[in-house]
Every structure is written in structure tokens, then in C-alpha cells.
K.L.:
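What follows is a structure written as C-alpha cells; I'll ask about it next.
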Amino acid sequence: MRISESEAKIMGLIWEKGGPVTTDWLAQRLAGTEWKATTVLTFLSRLEKKGFLTITRQGRQNFYQAAISREAYQREETESFVRQIHGGSYRSLFAALCPPGGLSAVEAEELRRWFEGGAPGDAE
């Protein structure tokens, strides 16, 4: 499921923290924005409804925690992009990213090793 740019900004902060956060914690980090507390609460509520957050109430305070990892979200969004824009073809995606002659021999070799199961930059 997609999230808006504003929701992604909030999720980015929560993912970076790596644990539960409070509204006050978020408000401190979002102080430079024009968002009011009610706006942040609306985004948090939407993220919870979309399954991105869990909310735990302790006393009078809510704690928000990521229900999906950043990596899982990135993977899902990338797969959706490849399906929608490139008809599910990773070859089409790589062709769009790397036109002929766009990669150096070293980069091409690193990608070849990666496709064969190693990590880019691994020595053979």
C-alpha cells in the first residue's frame, strides 16, 4: 500500500529511531515544518489504518512503532513500480537505468557478480 510524501517523512523518522516514539518526540523532530499537532495525529492515524504503525497506549500517552520495516516497504514499492512501469520486466528497468555504454566495465562486472549471487564489490 502506498503512503504519501508526508506520511513517508513521518515513517522515515520512526524507522530511523528503531523503536516506539511518542507524539512529543515526533513534534520535536518536525518543529521546522508547518504541521500542527492535529496534522501529525491525522498522519499517524492514517499510517495505523494502512498497517504501517502499531499504537500502544501507556497511561495517557500513545507509543507508535513501525509495523513494517523500511526495507520491506522499499521492496514492495519497487516491485509495484517494476510491474506498473516496466510490465514486470527487470530487464526493462535496467535498460532504462543503464543505457548502452552507461556502465563502466567495473560496474558491469560488479553487477554480473551480484546477479550470480555475490554482493557488488566482492572479490572473486
Side-chain angles (χ1 to χ4, degrees):
M1 178 171 288
R2 305 239 26 201
I3 59 176
S4 71
E5 187 174 328
S6 298
E7 292 166 340
K9 185 173 191 168
I10 290 172
M11 284 305 301
L13 291 170
I14 294 170
W15 282 320
E16 285 175 23
K17 171 76 164 134
V21 302
T22 63
T23 309
D24 290 340
W25 185 90
L26 284 168
Q28 289 174 355
R29 275 129 193 100
L30 296 168
T33 68
E34 296 180 11
W35 296 345
K36 295 182 174 149
T38 54
T39 304
V40 174
L41 290 171
T42 298
F43 289 136
L44 291 168
S45 176
R46 287 180 189 166
L47 287 163
E48 192 261 341
K49 286 178 185 169
K50 291 178 179 183
F52 283 84
L53 293 177
T54 59
I55 303 173
T56 305
R57 187 153 185 92
Q58 292 180 2
R60 300 181 73 212
Q61 198 161 36
N62 286 338
F63 289 84
Y64 302 89
Q65 185 156 351
I68 182 172
S69 70
R70 182 190 309 254
E71 293 77 16
Y73 177 66
Q74 288 172 332
R75 187 172 38 256
E76 185 179 308
E77 281 297 299
T78 300
E79 288 172 0
S80 174
F81 173 79
V82 171
R83 278 192 310 275
Q84 290 177 3
I85 305 301
H86 295 279
S89 168
Y90 285 94
R91 183 182 184 286
S92 172
L93 172 66
F94 285 115
L97 292 173
C98 306
L103 290 177
S104 71
V106 170
E107 291 171 321
E109 179 60 22
E110 286 179 349
L111 280 174
R112 183 192 63 75
R113 281 197 306 265
W114 181 79
F115 278 115
E116 291 175 352
D122 284 353
E124 286 190 343

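What's counted below: heavy atoms across the whole structure, side chains too, no hydrogens, waters or symmetry copies.
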K.L.:
When you compare the side chain of Tyr73 with that of Ile3, does any pair of heavy atoms fall below 4.5 Å?
P.N.:
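Ile3 vs Tyr73: side chains touch.
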
K.L.:
With a 3.5 Å distance limit and no angle check, can you tell me whether Ser45 reaches the backbone of Leu41 through a side-chain donor-acceptor pair?
P.N.:
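Side chain of Ser45 to backbone of Leu41: no pair is present.
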
K.L.:
Between CG of Leu47 and CG of Leu53, what distance do you get to the nearest 0.5 Å?
P.N.:
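CG of Leu53 is found 5.0 Å from CG of Leu47.
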
K.L.:
Side-chain donor-acceptor contacts of residues 24-35 below 3.5 Å, not counting sequence neighbours, with atom names and distances?
P.N.:
from	atom 1	to	atom 2	distance (Å)
Arg29	NH1	Trp25	O	3.1
Thr33	OG1	Leu30	O	2.7
Thr33	OG1	Trp35	N	3.3

K.L.:
Working to the nearest 0.5 Å, report the span between CG of Leu93 and OG1 of Thr78.
P.N.:
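Separation between the atoms: 8.5 Å.
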
K.L.:
Identify every side-chain donor-acceptor pair in residues 6-16 under 3.5 Å, counting partners at least two apart or on other chains, and give the distances.
P.N.:
from	atom 1	to	atom 2	distance (Å)
Glu7	OE1	Ser4	N	2.8
Glu7	OE1	Ser4	OG	3.4
Glu7	OE1	Lys50	NZ	2.8
Glu7	OE2	Lys50	NZ	3.3
Trp15	NE1	Ile68	O	2.8

K.L.:
If the condition is side chain to side chain donor-acceptor pair (under 3.5 Å), which residues does Glu77 pass it with, not counting sequence neighbours?
P.N.:
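For Glu77 the side chain to side chain donor-acceptor pair (under 3.5 Å) partners, ignoring immediate neighbours, are Arg2.
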
K.L.:
By ring-ring contact (aromatic ring centres under 6.0 Å, His included), which residues pair with Phe63, not counting sequence neighbours?
P.N.:
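Applying ring-ring contact (aromatic ring centres under 6.0 Å, His included) to Phe63 gives none.
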
K.L.:
For Gly51 and Ala67, which heavy atoms make the closest approach, and how far apart are they?
P.N.:
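That would be O-CB, 3.4 Å.
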
K.L.:
To the nearest 0.5 Å, how far apart are OG1 in Thr22 and CD in Gln61?
P.N.:
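Rounded to the nearest 0.5 Å, the OG1-CD separation comes to 5.0 Å.
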
K.L.:
Given Thr23 and Tyr64, is the side chain to side chain contact (heavy atoms under 4.5 Å, CB included) satisfied, shown in steps?
P.N.:
CA-CA 8 Å; Thr23 309; Tyr64 302 89; 3.5 Å; yes

K.L.:
Under 4.5 Å between side-chain heavy atoms, hopping through other hydrophobics if needed: is there a path connecting Val106 to Leu111?
P.N.:
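Shared cluster, no.
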
K.L.:
Just by modelled atom types, is the Ser104 backbone N or O under 3.5 Å from a matching donor or acceptor in the Glu107 side chain?
P.N.:
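Yes: the side chain of Glu107 pairs with the backbone of Ser104.
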
K.L.:
Mind checking what makes ring-ring contact (aromatic ring centres under 6.0 Å, His included) contact with Phe94, not counting sequence neighbours?
P.N.:
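By the ring-ring contact (aromatic ring centres under 6.0 Å, His included) rule, Phe94 matches Phe115.
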
K.L.:
Would you name the heavy atoms of Leu103 and Cys98 that are closest together and state the gap between them?
P.N.:
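Looking at all heavy atoms of both residues, the shortest contact is CD2-SG, 3.8 Å.
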
K.L.:
Going by side-chain hydrogen bond (donor to acceptor under 3.5 Å, both in side chains), name the pairs with one or both residues in residues 86-96, residues two or more places apart or in two chains.
P.N.:
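Of all non-adjacent pairs touching residues 86-96, those that pass side-chain hydrogen bond (donor to acceptor under 3.5 Å, both in side chains) are His86-Ser92.
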
K.L.:
If you measure from CZ on Arg113 to CD on Glu110, what distance do you get to the nearest 0.5 Å?
P.N.:
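Nearest 0.5 Å value for the CZ-CD distance: 6.0 Å.
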
